[in-house]
Amino acid sequence: MGLRLYNTLGRSLQEFEPIQPGKVGFYGCGPTVYNYAHIGNMRMYVFEDTLARALRYLGYEVTHVMNITDVGHLSGDADSGEDKMVKSAQERHKSVLEIARYYTDAFFADEAKLNILRPDVVCNATEHVDDMISLIRRLEANGYTYFSGGNLYFDVSKFPSYGEMAGLKLDELKAGARIEVDANKRNPYDFVLWFTKSKFEDQALQWDSPWGRGYPGWHVECSAMSMKYLGEQFDIHAGGIDHVAIHHTNEIAQSEGATGKKWVNYWLHGEFLVLDKGKMSKSAGGFLTLKTLTDAGYEALDYRYFLLGAHYRSQLQFSYDGLDSARASRRSLVERVLALREKLHGGEPTPLATLCPAAKARLVAFKAAIEDDLSTPRALAELWGVLKEQGVSAADALGAAFDMDRVLGLGLESLAREAQAAVDPALAAELDALVAERAVAKKAKDYKRADAIRDELKARGVILEDSPAGTSWKLAPSVAGATPSVAGATPSVTGATPSVAGATPPGSAPRA
RNA sequence: GGCGCCGUACCCAAGCGGUAAGGGAGAGGUCUGCAAAACCUUUAUGCGGCGGUUCGAUUCCGCCCGGCGCCUCCA
């Protein structure tokens, strides 16, 4: 059985068939970089990453394209959210482009922490204005546009299937008009392709165009850039559920209006992360970033694990209780993997081809879960299953688990017990001495002294573990073990300019 | 007003016509001087409520109750 995905186009689970056998063109909506990404945003990118990983796992050659929206409302509302950081950014940088660059770097730093693989192509809207202009010219030539009040609009009445994916009905549009309709529009659903009259007084970025100096409408960027890197027809477009009705609907109209061909075959939409009070937004407060979580003592991968526990198409309720649970769970997972690794005594995990039947069965079930519209919760259950199952050797368990982790991205294979050498040698010697002293006290049945030593060490963040083989010590969980060294997701972003990534042709970008 | 989603054990969360995955937490056990850690075992005759279809429904249909999202350049 092959991969089945829930396609918003048709609202059903569909067998995935790429345009070109074995290859997948995948465009995922990226961030708007005028502020930090919050953890709700990051849920989306973990989903897109899971999709890209799953496709590769299933043997497809994937070209994953992500846009960076660095044009639009960069000037207007930079004072919302976390003002201090924004202000300092504004002070340190001189242009909106640099602010965009600042948040782009912050975004990719978060992605790296979450073990999200960098897309093959990352493209900035500001570097593709020419492509957008040519796309708009094609639309103009095909008769889909009109100029009114200084802006160029897309005329949805000329595009009969407008709103099909979202189930919009053009003749009922007036019912939904609770916001003031732009008087220049012929139809409330019409949208701007090119602005020359900026909504924002101090719109900083402007380009010359056949319609005058101005800047592109938001929707155009995705159409133009996706087609540039993936061709006029490609396989998958993913994004947030909120984009179905407007953004993606408009993208479809623009793209198909320009080419006259079907544009994207599969539309995948991720559901929201919601808070007790409702969804996360800047205005309503509760703007949590990855940094909020890591400052509170969680690791980024705890959050990834938390996300993997729910299906991407279900709303997921965020809570610190839930995150605590995910953290405890992941720690236990990490501990188990490390213990199995130690059991191997430096040996290698079993290659897939020679796995024992029980481990193999888990892997088959895992693949089935992934193929069933990316059911990461079930996939996770299989991971646990293979790690806990009696009669599966450490080598077999790890062989299967590491393979599964290619999709899950929990950094299992690169886990390593914190080397004793990493601890200050003087401290290590002192701890060893105390442990030895306690052993002597225990032997003499001086439990008072033995417990005193144990309590003292505990207060210092050192945990003792007694076992038949003797006593060992380790540093408390906050430092123990779980930070993977993520291959390919290194902080190269701090140095690299987004434009470099944007200029890289498909396929040749460095990937993990 | 229009469109859509969801309600499963103490918590998170799968399953979506054949008799309830997984994790967390709790409980019991092994080990221990006692703990901790680790490991093992265990926890829903039940899936918001009421009807209906069916040999059979958590899974399909209807109604009701409760919660949420989108229709604003929000993921």
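Both backbone and side-chain heavy atoms feed into the values below; hydrogens, waters and symmetry mates do not. Chain naming here is simple, since letters A, B, ... match the order of the sequence lines and numbering starts at 1 in each.
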Quickly work out the [X] [atom1] to [N] [atom2] distance and round it to whole Å.
{"X": "A/E382", "N": "B/G22", "atom1": "CD", "atom2": "P", "answer": "9 Å"}
{"X": "A/Y36", "N": "B/A75", "atom1": "OH", "atom2": "C1'", "answer": "19 Å"}
{"X": "A/I241", "N": "B/C71", "atom1": "CD1", "atom2": "P", "answer": "11 Å"}
{"X": "A/Q317", "N": "B/C12", "atom1": "CD", "atom2": "C1'", "answer": "10 Å"}
{"X": "A/R4", "N": "B/C16", "atom1": "CZ", "atom2": "C1'", "answer": "12 Å"}
{"X": "A/N67", "N": "B/C74", "atom1": "CG", "atom2": "P", "answer": "12 Å"}
{"X": "A/H248", "N": "B/C70", "atom1": "NE2", "atom2": "P", "answer": "15 Å"}
{"X": "A/D372", "N": "B/C16", "atom1": "CG", "atom2": "C1'", "answer": "11 Å"}

Classify the side chain of [X] and the base of [N] as holding, or not holding, a donor-acceptor pair under 3.5 Å.
{"X": "A/D446", "N": "B/G33", "answer": "no"}
{"X": "A/R454", "N": "B/C34", "answer": "yes"}
{"X": "A/H38", "N": "B/A75", "answer": "yes"}

For the residue pair [X] and [Y], categorise the inter-ring angle as parallel (less than 30°), tilted (30 to 60°) or perpendicular (more than 60°).
{"X": "A/F154", "Y": "A/Y144", "answer": "parallel"}
{"X": "A/F47", "Y": "A/Y312", "answer": "parallel"}
{"X": "A/F287", "Y": "A/H38", "answer": "perpendicular"}
{"X": "A/Y153", "Y": "A/Y146", "answer": "parallel"}
{"X": "A/F195", "Y": "A/Y215", "answer": "parallel"}

For [N] and [M], measure between their [atom1] atoms and round to the nearest Å.
{"N": "B/A20", "M": "B/A44", "atom1": "P", "result": "11 Å"}
{"N": "B/G15", "M": "B/A21", "atom1": "P", "result": "13 Å"}
{"N": "B/G26", "M": "B/G17", "atom1": "C1'", "result": "34 Å"}
{"N": "B/U72", "M": "B/C65", "atom1": "C1'", "result": "31 Å"}
{"N": "B/U45", "M": "B/C60", "atom1": "C1'", "result": "22 Å"}
{"N": "B/C68", "M": "B/G29", "atom1": "C1'", "result": "43 Å"}

Of the candidate nucleotides [options], which contains the atom at the shortest distance from the side chain of [X]?
{"X": "A/Q315", "options": "B/A13, B/A75, B/C68", "value": "B/C68"}
{"X": "A/S375", "options": "B/C34, B/C74, B/G15", "value": "B/G15"}
{"X": "A/A310", "options": "B/A75, B/C74, B/A13", "value": "B/A13"}
{"X": "A/Y45", "options": "B/G22, B/C34, B/A75", "value": "B/A75"}
{"X": "A/W384", "options": "B/A75, B/G15, B/G22", "value": "B/G22"}
{"X": "A/R11", "options": "B/C74, B/C39, B/G4", "value": "B/G4"}
{"X": "A/N41", "options": "B/C74, B/G24, B/A13", "value": "B/C74"}
{"X": "A/T32", "options": "B/G24, B/A14, B/A75", "value": "B/A75"}
{"X": "A/H311", "options": "B/G23, B/A14, B/G33", "value": "B/A14"}
{"X": "A/F272", "options": "B/G33, B/A75, B/G23", "value": "B/A75"}

Checking all strands, does [X] fall into the base, sugar-phosphate, or nothing category for heavy-atom contacts under 4.0 angstrom?
{"X": "A/L383", "result": "nothing"}
{"X": "A/H247", "result": "nothing"}
{"X": "A/L333", "result": "nothing"}
{"X": "A/D242", "result": "base"}
{"X": "A/D324", "result": "nothing"}
{"X": "A/G167", "result": "nothing"}

Is [N] paired to anything, Watson-Crick or G-U wobble with both distances less than 3.5 Å, and if yes, which nucleotide?
{"N": "B/C47", "answer": "none"}
{"N": "B/U19", "answer": "none"}
{"N": "B/C74", "answer": "none"}
{"N": "B/A13", "answer": "none"}
{"N": "B/U53", "answer": "none"}
{"N": "B/C68", "answer": "B/G4"}
{"N": "B/C31", "answer": "none"}
{"N": "B/U58", "answer": "none"}

So, is [X] near the phosphate of [N], with a side-chain N or O under 4.0 Å from OP1 or OP2?
{"X": "A/R331", "N": "B/G24", "result": "no"}
{"X": "A/T471", "N": "B/A37", "result": "no"}
{"X": "A/S332", "N": "B/G24", "result": "yes"}
{"X": "A/Q390", "N": "B/C40", "result": "yes"}
{"X": "A/K388", "N": "B/G23", "result": "yes"}

| message | Apply side chain to side chain contact (heavy atoms under 4.5 Å, CB included) to residues A/K185 and A/S148 and explain how you reach the verdict. | response | CA-CA 7 Å; A/K185 289 184 182 181; A/S148 172; over 6 Å; no

| Ring centres under 6.0 angstrom apart (A/Y320, A/F318) | yes

| said: Under a 3.5 Å distance rule, please check whether A/D396 uses its side chain to pair with a backbone N or O of A/A359 as donor and acceptor. | reply: no

| message | Reading RNA chain B from 5' onward, which residue's closest nucleotide shows up sooner: A/R378 or A/G385? | response | A/R378

| Mapping A/A328 and A/K445 onto RNA chain B by nearest heavy atom, which one lands closer to the 5' end? | A/A328

| task | Provide the closest heavy-atom pair for A/K113 versus A/L301 in the form atom of the first, atom of the second, distance. | result | O-CD2, 3.9 Å

| Regarding A/R313 and the six-membered ring of A/Y6, is the cationic atom NZ or CZ under 6.0 Å from the ring centre and inside 45° of its axis? | yes

